[in-house]
Amino acid sequence: MSPPKSEGRQRLGPERARHAVSVSLRLASAATAIAVAAAVFRAASCYYNSRRGNTGHQASGSAACGFTRIPPTASSTTVGRTLNSLGRQPTQPLLKRHRRHLFRLRSARLALAGPAAVSLPDELLDSDKALRFDDLPIAAKTKKALREELEVQDMTEVQVIAIPAILDGADVVVRAPTGTGKTLAFLVPIVEQLLRRPRDKREGVGALILSPTRELAMQTAAAAEQLLAQHSDLGSYCMIGASDIYDETSALQSEFIDIVVATPGRIDDHFRNSDGFADLFSGLQVLVLDEADRLLNGFRPQVMEILRRLPLPQDRQGMLFSATFPDDISEIAALALRPGYRLIDTMHGQVTPSLVGQYYAVFPQEQMVSALWAVLQQELALNPGTAKVMVFFTTARITQYFAQVFRKARMDILELHSRHTQDYRTASANAFWTSPTGILFSTDVSARGLDYPEVTSVIHFGAPSSADRYVHRTGRTGRMGKSGRSITLLHDFERSFLDSFQDLPLEHLDVDALISSSPPPPILMAPLDDLRVGQAYKAWLGYYKYFCEGLGWDDAQLVHHAGRFAAAIGSLGADGSHPPLRKVTAEKLGLARAAGLNLVDRLPFQAAHKAEELRQERQLRSIDQELERLMEGGGVAEPPRPNAHKLWQEKERAKAEAPKPKRTSSWPSGGSKHPPKGAPDSVLMNSRLAAVAAVESSRGRKDQAPQES
Ligand SMILES: Nc1ncnc2c1ncn2[C@@H]1O[C@H](COP(=O)(O)OP(=O)(O)OP(=O)(O)O)[C@@H](O)[C@H]1O
C-alpha cells in the first residue's frame, strides 16, 4: 500500500481561521447592509433554515424524523443569498433572458468579491444574446460535443455563473436547484482545465469526481464520456462498488485516464488496499464533491480518508456542488477547498422546482396500501400514456415488499434499492430511463442527482427522513423548467412532519375520496409469503426504532404501531400475534424485553424457501438462455452495460481500427434527448428482473453498496 501523499492536513486550524476572516471580509465587502438584512430575512422565512441541522443527522437522538424546528441563523451562506436578494426573481431553470444573466453576473461579481470573479469577455456582457456554450472561451471540440452529443446550446443560470469562475481557477461552493444543469457546470470547465495544462501520462488522474451513489456516478461518467466524444486524447473512467477492483487498478495504471468518477467507498477501498493507487492521484488537478452535503454527511469517514491522501487543497482546484447545504458550510468547505473559495447560489429562496405541485395526505396506517394504490391510479389517470412515477419508500425491504405486492395486482413495477445486485439495479435504472412511461419503487438511493427524463410524479410513501431528502426526491420531477407533481403520503403518526414544512406550498389531498373512487383490488390486500412479510416487518421495526425519540414513542408504542403495520399488510395473526422475529434480531434492535413481539429462536419458514430458491434459479437460467438465443438471432439488442470504462476501452479499440468512430453512451446520459441505443426488450428484461429479484430475495443477498437507506 502506498504511503499517504501528505501528512500535513493538520493545517486545518489556521486555514479555518484564515477562512473565517475571508468569509467575514467578503460578507462586509460583498453586499450592502440592506442586501444582507434582506437575505437574513429571506433565510428566516425559508423552510430550509427551519429544518433541523443537516449535518446533525446522527448527532441528534431524535434524528431525522424528529421534525423539530431549529431557529434560523444567519450564516456564511448569507453571502450566497445576497445574490438572491439582489435577483428577486423566482427560479427560472432555463434563463434565456440575457439581461437577467448580466444582472446576476454583475451581482455575482459584487457578492462574491475577489478579484476577476467572472471572466467572460466584456463584449458578451454587453450583448443582448442569451449566453450560450458557444460563447465560452473553451475548446471547439467541447462546443461541438455540447451541441451534437449533449444537444445543449444556451447555458442555464448556474452554468453562466459557475463555469467562468471555475475556468478562472477558483474553488467554488455551488448551490443550485435540482435539475438546473449542475453536472455540466462542473464537467465543462474540468475538460477545459485538463486541456489547458497538458499532462504527462505519469501524472495519473487529472480530475476526480465523487458521487454518493453508483447510479449517479455512472450517469456523470456517461455525461463526461459524451463531452469527451471529440477529444480522442482524453479519457474517463467510472469506479463504483460493483466493479472488479483488480481490473480497475490495472486499467488505471496501464491506460491514460484523465477523469475518474467514483463512489467514495470504492476509492477509499483502493487507497487502503491497492498498491500504487495513491500515486495515480499525486498529480490531481481538480476534485469535485457532487452532492457534497450528502458525501460529507453519510460518507464522512471515507471522504476524510480520501482527502487525506489526495494533494493538498492549495495544490489542486476544489468544488462542492449540491442543491442543499447546511447553513454553515464553512466546516465542509474547509475540508476540501482553499480559503477564499467562491460561493455561488442560484436558489433564489426556492428550494423545490417552481412548477411542481406539492400535495400531502394523512391516513390511518391501516389504509396505507389502499392510499398508495389510489394515489398511483390518480397519477396514471392524470397523465394517460405518459405517467412516469417514482415512489420513494423508507427502507429497501419495504420497497421490495410493496413492489411485489403491486406486481401481484398486475402493475409493472421497477425496483431500485440496495437489496439487489448492481446488474439488477442498472437494468432497472435503464428500463426506467428508456421507457416513456413507468413506475419505479425505490429507496433514497434514487433521491439525488438521477436525471430520469420526463418524470411526471414523485410519491413519498411515509415521511421523508429529512427536509433535504424531500427536496432531492421532489427534484426528480420538474427538471429544466418542466412541470410535475409531488405527493407526500403520511401515516397518521407522521403528521408532525408537516410542522417542519409550513413554508412549502403543500396542498391537502383528499385521499379518502381517492380510495372510494379507486378501491384496491382484493389481491393487493393479501399478504405475501412469510419470508417477505418477515423481512418487511423487521425492516419497519428497525427503521422506526431509529426514529422513536423524534416520534415520542417508547418501546411499547413502537411495538403497537408495528402491529398496525403487520395488520395493514394482512399478516397479523387471528389472535393478534405479530409476524415472528428472531430473538437475536430483537436483541440487536434493543427490543429483547419489549412486550408484544413474537420472538422465536429460528424462523419457521427458512427451510421451505430452499426449494423455492432452486425453482427460481432454474427459471432464471431458462430466461437467460432465451435472452441469449434472441440476442444471437438478432431478436433483441444487447442489454446496455453501464461501465463507462468498458465503453471507453471499446472506444479506444474502435479508434485504433477506424479514425473517429461515433459512439453512443449506453447509460442514461446527462444530456442526450434520445434513449441509448441497445435498450433491452422491456418485457423480457422485466421478467428477468422479476426472476433475479425473487432469487436474490430468497437468498437474502445484501448488496454492499454505500447506500442512502
Ligand atoms: N444548458 C442546458 N440546456 C438544456 N439542458 C441542459 C443544459 N444543461 C444541462 N441540461 C440537461 O438538464 C438535465 C438536468 O441536469 P443535471 O442533472 O446536471 O441537473 P442538476 O442540477 O445536477 O440536478 P440534481 O440537483 O438533481 O443533481 C440533464 O438532462 C442535462 O443534460
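Values below: every heavy atom of this structure, side chains too, minus hydrogens, waters and symmetry copies. Residues: numbered from 1 along the sequence shown. As the structure lists them, so they are numbered: ligands from 1, and atoms in each ligand from 1.
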Ligand 1 contacted by [X] (non-hydrogen, < 4.0 Å):
| X | answer |
| --- | --- |
| A185 | no |
| D154 | yes |
| G179 | yes |
| E291 | yes |
| F133 | yes |
| H472 | no |

Task: Centroid-centroid distance, F186 to F321, less than 6.0 Å - done: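 Distance test on ring centres: under 6.0 Å, yes.
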Task: Non-hydrogen atoms of Y470 and T474 that approach each other most closely - done: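 Y470 and T474 have their closest heavy atoms at O-OG1, 2.7 Å.
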- [ ] Only heavy atoms count here, so choose which of E157, K182, M480, Q226 is nearest to atom 22 (O) of ligand 1.
- [x]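 Selected option, by shortest heavy-atom distance: K182.
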Hey, is [X] touching ligand 1 through its side chain, its backbone, both or neither, going by heavy atoms under 4.0 Å?
| X | result |
| --- | --- |
| A223 | neither |
| T183 | both |
| Q153 | neither |

Open item on the list: So, applying side-chain contact (heavy atoms from CB on, under 4.5 Å) with V288, which one of L187, V172, I190, L320 is it?
Closed with: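 It is I190; the other options fail the test.
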Task: Polar side-chain atom of K182 near backbone of A176 as donor-acceptor pair, under 3.5 Å - done: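 Yes; at least one donor-acceptor contact below 3.5 Å.
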- [ ] Answer yes or no: does an N/O atom from G181 fall short of 3.5 Å to an N/O atom of ligand 1?
- [x]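 Between G181 and ligand 1 (N or O atoms, distance only) the closest approach is under 3.5 Å.
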